[in-house]
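Atoms considered below: every heavy atom in the structure, side chains included; atoms not considered: hydrogens, waters and symmetry mates.
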Amino acid sequence: FDPSTGMMFEKGHDIEGKSVANKIFSFPGGKASSVVQADGLYQLLMKKTQPKAIIIKYPETVLVACAIIMEVPMVDRVDPDFYNEVKDGDRVKVDATNGIIEILD
């Protein structure tokens with residue numbers, strides 16, 4: 001990600017050219033080393049371009065710890081149907097405290 005915009009610049013990535021800044025970011029799991037993941041989220045936070053919340057299919061200890069420390073709401077263990085139903089651009093409500101995700105109309 002480009003920390004100043006939250007834009008994904010990795011060539012060929014599913015969200016290449018899109019920003020996660022102030023959006024709900026749903027993805028399968030972390031990529032690269034734990035240091036890269038932690039630093040990436042930290043850099044987004046410092047530039048105020050971090051996701052509003054994270055929905056992750058396969059959570060990793062480092063990502064979970066970073067989300068807690070950096071106060072980015074995170075939900076995992078989501079009903080598998082969610083991943084079949086949600087589409088890029090959908091409005092989604094996340095209640096990380098209670099583990100509730102709702103796709104809004």
Undergrad: On a heavy-atom basis, which atom in Val72 and which in Gln50 lie closest, and how many Å separate them?
TA: CG2-CG, 4.2 Å
Undergrad: Count I, L, V, M, F, W, Y as connected when their side-chain heavy atoms are under 4.5 Å apart, and connections chain through other members. Are Val94 and Ile100 then in the same cluster?
TA: no
Undergrad: Could you walk me through whether Phe25 and Ile55 pass side-chain contact (heavy atoms from CB on, under 4.5 Å), step by step?
TA: CA-CA 6 Å; Phe25 182 37; Ile55 302 169; over 6 Å; no
Undergrad: For a quick test of reading the model, state the closest non-hydrogen atom pair linking Lys52 to Asn22 and the distance between them.
TA: CE-O, 3.4 Å
Undergrad: Do Leu44 and Met7 sit in the same hydrophobic cluster, where Ile, Leu, Val, Met, Phe, Trp and Tyr count as joined when their side-chain heavy atoms come under 4.5 Å apart?
TA: no
Undergrad: So for atom OH, which belongs to Tyr42, do other residues, nucleotides or ligands contribute more than 12 heavy atoms lying within a distance under 6.0 Å?
TA: no
Undergrad: Nearest 0.5 angstrom please: Arg91 CZ to Glu102 CD, how far?
TA: 10.0 Å
Undergrad: Using the side-chain hydrogen bond (donor to acceptor under 3.5 Å, both in side chains) rule, collect all pairs that involve residues 69-90, keeping only residues at least two apart or in two chains.
TA: Lys18-Asp88
Undergrad: For Leu41 and Phe1, run side-chain contact (heavy atoms from CB on, under 4.5 Å): C-alpha distance rounded to whole Å, both residues' side-chain angles, the deciding distance at 0.1 Å, then the answer.
TA: CA-CA 9 Å; Leu41 189 54; Phe1 292 102; over 6 Å; no
Undergrad: Is there a continuous path of hydrophobic side-chain contacts, each under 4.5 Å between heavy atoms, that joins Met70 to Met46?
TA: yes
Undergrad: Is it true that Ile24 and Val78 fall in one hydrophobic cluster, defined by side-chain heavy atoms closer than 4.5 Å?
TA: yes
Undergrad: Do any N or O atoms from the side chain of Thr49 and from the backbone of Ser4 form a donor-acceptor pair under 3.5 angstrom?
TA: no
Undergrad: Compare all side-chain heavy atoms of Leu63 with those of Phe27 and state whether any distance is below 4.5 angstrom.
TA: yes
Undergrad: Please enumerate all residues that pass side-chain hydrogen bond (donor to acceptor under 3.5 Å, both in side chains) together with Gln43, with sequence neighbours excluded.
TA: Asp39
Undergrad: Pick from Asp95, Val75, Val86: which one makes a side-chain contact (heavy atoms from CB on, under 4.5 Å) with Ile101?
TA: Val75
Undergrad: Under 4.5 Å side-chain heavy-atom separation, chaining through any Ile, Leu, Val, Met, Phe, Trp or Tyr, what else clusters with Phe9? Say none if it is isolated.
TA: none
